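Worksheet: the structure to be examined is printed underneath.
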Amino acid sequence: MILKELIREFLIFFHFDLTKNLKYDRQTQLVMKRVITKNSNCVDVGCHKGEILREINKLAPNGHHFAFEPIPEMYNSLKEKFTNNTVYPYALSDKNGKTTFQFVRNAPAYSGIKKRKYEIENPDIQEIEVEMKMLDDVIPAKTKLDFVKIDVEGAEY
């Protein structure tokens, strides 16, 4: 684990919410600890670097987990790191197809399908095309899901 990840875990553990993202991740982890068992099957939509997926794997080592990340570089990294999970390069939506995606190169966590106000100066946005899928068309119908995390930069609804 790299130093940045260790510092992040330290801040979350001691409730030092220096950013909104740290606060949201800490709150998400509290919910996860309440609802996920060692056999739970989970979904991480907007997996990004895999911080939440890593916690899901710790809490549910016997479950099957699905991750969705449409940014190609991040998807490839997740596929390498999480070989025991199923990782997809899709943006989830209410329809299948292709769409443009705003990849914020200097702040990837702000990336998403919709253009929006970014909380950074001079966002470097590269518009890429991504494939959209409906969750029900990707995960087998008989799969019992116990936890779904969705972090898609304001497009959750």
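Both backbone and side-chain heavy atoms feed into the values below; hydrogens, waters and symmetry mates do not. The structure presented is a predicted model; accordingly, all values stated were derived computationally and were not measured.
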For this session: Please list, chain by chain and in numerical order, all residues satisfying salt bridge (Lys or Arg N to Asp or Glu O under 4.0 Å) with Glu131, sequence neighbours excluded.
Result: Lys133
Seminar exercise, completed: One should read off an interatomic distance between Leu30 CG and Met32 CE, to the nearest 0.5 angstrom, of 10.0 Å
Report, one line per pair, each donor and acceptor closer than 3.5 Å where one atom sits in a side chain of residues 92-104; sequence neighbours left out.
| residue | atom | partner | partner atom | Å |
| --- | --- | --- | --- | --- |
| Asn96 | OD1 | Met134 | N | 2.8 |
| Asn96 | ND2 | Asp137 | OD2 | 2.7 |
| Gln102 | NE2 | Glu127 | OE2 | 3.2 |

For this session: Please name all residues satisfying side chain to side chain donor-acceptor pair (under 3.5 Å) with Asp124, sequence neighbours left out, ordered by chain then number.
Result: Arg105
Exercise. Among all residues two or more places apart in sequence or in another chain, which pass the side chain to side chain donor-acceptor pair (under 3.5 Å) test with His64?
Worked result: Thr86
For this session: Identify the heavy atoms of Asp44 and Leu53 that sit nearest to each other, and give their distance.
Result: OD2-N, 3.3 Å
Exercise. What closest approach, in Å, do Tyr118 and Pro123 show between heavy atoms, and which atom pair accounts for it?
Worked result: CD1-CG, 3.8 Å
Seminar exercise, completed: Residue set satisfying side-chain contact (heavy atoms from CB on, under 4.5 Å) with Lys38, at least two apart, ordered chain then number -> Pro61, Asn62
Exercise. By side chain to side chain donor-acceptor pair (under 3.5 Å), which residues pair with Ser77, not counting sequence neighbours?
Worked result: none
For this session: For Tyr75, check ring pair (Phe, Tyr, Trp, His ring centres under 6.0 Å) against everything at least two apart and list the hits.
Result: none
For this session: Find the distance between CZ (Arg54) and CG (Leu78) and round it off to the nearest 0.5 Å.
Result: 10.5 Å
For this session: Hey, could you give me the CD/OG1 distance between Glu51 and Thr28, rounded to the nearest 0.5 Å?
Result: 11.5 Å
Problem set entry | Residues which pass side-chain contact (heavy atoms from CB on, under 4.5 Å) with Thr83, listed by chain and number, not counting sequence neighbours | none
Seminar exercise, completed: Between Met74 and Pro108 the two heavy atoms that sit nearest each other are CE-CB, 3.5 Å
For this session: Please examine the side chains of Val138 and Phe68, heavy atoms only from C-beta on, and report whether any two atoms are closer than 4.5 Å.
Result: yes
Exercise. Any side-chain heavy-atom pair from Val31 and Phe147 closer than 4.5 angstrom?
Worked result: yes
For this session: Could you tell me which non-hydrogen atom of Glu121 sits nearest to which non-hydrogen atom of Asn106, and how far apart they are?
Result: O-ND2, 4.2 Å
Seminar exercise, completed: In this structure, CG of Asn85 is separated from SG of Cys42 (nearest 0.5 Å) by 9.5 Å
Exercise. Roughly how far, to the nearest 0.5 Å, is CG of Asp136 from OG1 of Thr143?
Worked result: 11.0 Å
Problem set entry | Non-hydrogen atoms of Ser40 and Asp146 that approach each other most closely | CA-OD2, 3.1 Å
Exercise. Would a 4.5 Å heavy-atom cut-off, applied to side chains only, mark Val87 and Cys47 as touching?
Worked result: no
Problem set entry | Listed partners of Asn41 passing side chain to side chain donor-acceptor pair (under 3.5 Å), at least two apart | none
For this session: Among Ile113, Val130, Ile128, find the one that has a side-chain contact (heavy atoms from CB on, under 4.5 Å) with Pro70.
Result: Val130
Seminar exercise, completed: So NZ of Lys33 and CG of Leu59: to nearest 0.5 Å the spacing works out to 7.0 Å
Exercise. If you take all heavy atoms of Lys81 and Lys49, which pair is closest and at what distance?
Worked result: NZ-O, 3.4 Å
